[in-house]
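This report refers to the structure that appears directly beneath it.
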2 protein chains.
Amino acid sequence: MPEKILLVDDESKITRTLQLYLEQAGYKTASISDGALALPAFRHEQPDLVILDILLPHMDGWEICRQIRRESIVPIIMLTAQGEETDRIVGLELGADDYIAKPFSPREVVARVRAVFRRTQGQALQPRALQVGDIALDIEKHTAVANGMPVDLTPIEFELLVTLLQHPGQVFTRLQLLENTQDAAYDGYERAIDQHIKNLRAKLGDDARNPRYILTVYGIGYKFAP
Amino acid sequence: MPEKILLVDDESKITRTLQLYLEQAGYKTASISDGALALPAFRHEQPDLVILDILLPHMDGWEICRQIRRESIVPIIMLTAQGEETDRIVGLELGADDYIAKPFSPREVVARVRAVFRRTQGQALQPRALQVGDIALDIEKHTAVANGMPVDLTPIEFELLVTLLQHPGQVFTRLQLLENTQDAAYDGYERAIDQHIKNLRAKLGDDARNPRYILTVYGIGYKFAP
DNA sequence: TGGAATTTTCACAAGCTCCTGATGACTTTC
DNA sequence: GAAAGTCATCAGGAGCTTGTGAAAATTCCA
């Protein structure tokens, strides 16, 4: 069954374009242009994801976000005007899942929607234990064991290892790892990943020159030994 | 099946040059010079990508972009006059996929076209594994196997082999291979490819005098044994 | 609010990859 | 068969990528 997405935006040009793209991508969509009607529409449609513009007639996106959050943990993506850094911060507090600054390309929106679904459904279906070779993770308990010895990992190190272990052998670019680790699309310094890889290797007892677990793929990124 | 590209531009010098390059790169092309005819032409040709000039007789590129977007999510590349930053923003809202500022080199256009196709369909359609004869590649894992033996390839060698294996028997010029390998238009020494072919042959156990895998096509370039 | 833990950035060295230009061998053309 | 064009190969340096330590920035927690 395809996921249903509720669009709340008063610019019909934008909603029409987004609906076109999202439906092409296999999602069902519904749209509403009036902020005051967003909550009733949400209750009626029971969408799996909401895309909210901030500037709306009658009620702004923040208020809608707050109200939806009172009764649901449905993923919410906000559309913000560019350069409003405060938006991001306010939104995070209100429980939005991602932000897209205008102007955006419809394809980017589809990509973010996919990413949010991956994240939010992944959790439900994700097995609580992950084991590959000598490494075992318990996702619920947030514990790691290497060679029978418990290992203490920071949150990012843990996320990183989860990503790598979920697809052993598959190469991830630094950017992919960053995006999987950080919540939203992230545009910082890619090589921050190198530091976490270094720390992970140290904690797992891996040697960068001759690694058993986390392999470097020159010119691409990293992968977990298959 | 080769992708079809619709060119909308009233300067026949430009369309002719671009058609030459795009067809050389393996795409089918169609062109139309009158903006008012662009939409009918689009419906008739059903192209996989549209390249739109902004300055056109009878109807400008923005309007055409808008109209096409009402009925299709086909990728669109806009040709813009230089330095019009606002163009970029307007265009993003209208759903264009890329911008190329004039003056541009035909090779740059080909590179962008490839990039757009990679982005829009690459993820979904690209098969994970590629196998021809004794050679097998796994793109996700970035691994290669020749005759059952794993082979260690550098990034460019890997890309090169992917390109050749995706179209066994098809001859590629050195320039085509370079452009497939490097992201953007590349203006270096074509013979650099020879080095990579040599290294690839060595790693695959191929003999240049009597190659089984990578064949030299005298005066043209290289192809993978069909 | 402080202080510790974590994360990110920066800079540099080491290593690997890639490009270049030259040379000789081969192929085509006349 | 000679000339011209094309290809295979080599070696060295340019350029890029990675590993790593140290420091700055940020987050977390009491």
Side-chain angles (χ1 to χ4, degrees), chain A residues 85 88-89 92-93 142 144 151-161 163-164 171-223, chain B residues 142 144 151-161 163 171-223:
Chain A
E85 184 53 30
R88 215 182 151 70
I89 294 167
L92 276 172
E93 284 170 359
H142 209 265
V151 179
D152 214 21
L153 299 180
T154 70
I156 287 193
E157 287 163 11
F158 192 81
E159 273 304 311
L160 211 47
L161 197 50
T163 302
L164 291 171
V171 185
F172 294 89
T173 65
R174 288 174 176 74
L175 209 55
Q176 288 175 316
L177 292 172
L178 270 175
E179 286 175 356
N180 259 324
T181 303
Q182 317 299 328
D183 263 332
Y186 177 80
D187 64 342
Y189 185 49
E190 281 191 7
R191 299 209 42 208
I193 287 294
D194 290 31
Q195 287 302 320
H196 299 301
I197 295 289
K198 177 173 76 106
N199 297 335
L200 258 179
R201 279 173 168 162
K203 291 182 178 179
L204 298 178
D206 221 0
D207 174 18
R209 301 303 164 97
N210 187 25
R212 277 185 307 161
Y213 303 124
I214 301 177
L215 311 185
T216 304
V217 182
Y218 190 97
I220 313 279
Y222 297 97
K223 68 178 177 183
Chain B
H142 206 264
V151 179
D152 218 21
L153 300 179
T154 69
I156 287 193
E157 287 164 11
F158 193 83
E159 275 302 312
L160 211 48
L161 198 50
T163 302
V171 186
F172 293 89
T173 66
R174 288 175 175 74
L175 210 55
Q176 287 175 318
L177 293 172
L178 271 173
E179 285 175 353
N180 256 326
T181 302
Q182 319 294 330
D183 255 334
Y186 177 80
D187 62 343
Y189 184 49
E190 279 191 9
R191 293 316 197 92
I193 286 293
D194 291 28
Q195 276 307 314
H196 300 300
I197 295 290
K198 175 179 79 89
N199 296 335
L200 258 179
R201 281 173 168 163
K203 291 183 178 179
L204 299 179
D206 220 1
D207 175 19
R209 306 300 167 92
N210 186 25
R212 277 186 306 161
Y213 304 124
I214 301 178
L215 311 184
T216 305
V217 182
Y218 191 93
I220 313 280
Y222 298 97
K223 68 177 177 182

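Note on naming: letters A, B, ... go to the chains in the order of the sequence lines (proteins, then strands), and numbering restarts at 1 for each one. Scope of the values below: all heavy atoms of this structure, side chains included, with no hydrogens, waters or symmetry mates.
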For atom CG of A:Leu178 and atom P of C:dT7, their distance in whole Å: 12 Å
Between CD on residue A:Glu190 and CG on residue A:Leu175, distance to nearest 0.5 Å: 5.0 Å
For A:Gln176, side-chain contact (heavy atoms from CB on, under 4.5 Å) partners two or more places apart: A:Phe172, A:Thr173
Nearest-nucleotide pick for B:Gln195, side chain only, options being D:dA8, C:dC19, D:dG19: C:dC19
Partner set under ring-ring contact (aromatic ring centres under 6.0 Å, His included) for A:Phe158, not counting sequence neighbours: A:His142
Short side-chain N/O contact to D:dT18 OP1/OP2 from A:Lys198, under 4.0 Å: no
Terminal axes of the helix from C:dT1-D:dA30 to C:dC30-D:dG1 (five pairs each): angle between them, nearest 10 degrees: 40°
B:Asp194 side chain, from C-beta outward: closest of D:dA8, C:dT7, D:dG19: D:dA8
Side-chain N,O (B:Arg201) to OP1/OP2 (D:dA8) below 4.0 Å: yes
Residues forming a side-chain hydrogen bond (donor to acceptor under 3.5 Å, both in side chains) with A:Thr216, sequence neighbours excluded: A:Arg201
For atom NE2 of A:His142 and atom P of C:dT6, their distance in whole Å: 11 Å
For B:Pro155, side-chain contact (heavy atoms from CB on, under 4.5 Å) partners two or more places apart: A:Tyr218
Test side-chain contact (heavy atoms from CB on, under 4.5 Å) applied to B:Asn210 - qualifying residues, sequence neighbours left out: B:Asp207
No-H, no-angle donor-acceptor pair, A:Arg191 side chain to D:dG19 base, under 3.5 Å: yes
Length of the CZ-P vector between B:Phe158 and C:dC18, whole Å: 13 Å
side-chain N/O A:Thr154 vs C:dT7 OP1/OP2, d < 4.0 Å: yes
Candidate pair B:Ile197 and B:Leu160, rule side-chain contact (heavy atoms from CB on, under 4.5 Å), full reasoning: CA-CA 8 Å; B:Ile197 295 290; B:Leu160 211 48; 4.3 Å; yes
Interatomic distance, B:Ile197 CD1 vs D:dC10 P [rounded to whole Å]: 16 Å
Salt bridge (charged side-chain N to carboxylate O under 4.0 Å, His left out) involving B:Arg174 - partner list, sequence neighbours excluded: B:Asp194
Proximity to the side chain of A:His196 - top-ranked nucleotide from C:dT8, D:dA8, C:dC18: C:dT8
side-chain contact (heavy atoms from CB on, under 4.5 Å) involving A:Glu157 - partner list, sequence neighbours excluded: A:Leu153, A:Thr154, A:Asn199, A:Leu200, A:Lys203
Stepwise side-chain contact (heavy atoms from CB on, under 4.5 Å) check, B:Tyr222 with B:Ile193: CA-CA 10 Å; B:Tyr222 298 97; B:Ile193 286 293; 4.0 Å; yes
Atom-pair distance (CG on A:Asn199; P on D:dA22), nearest Å: 14 Å
Nucleotide of D:dG19, D:dA8, C:dT20 approaching B:Ala192 most closely (side-chain heavy atoms): C:dT20
Rounded distance in Å - CD (B:Glu190) to C1' (D:dC7): 13 Å
Nearest-angstrom distance from the residue atom CD1 of A:Ile156 to P of C:dA5: 17 Å
For atom CD1 of A:Ile193 and atom P of C:dT6, their distance in whole Å: 17 Å
Residues touching DNA chain D, which here means a heavy atom under 4.0 Å, drawn from residues 209-221 of chain B: B:Thr216, B:Val217, B:Tyr218, B:Gly219, B:Ile220
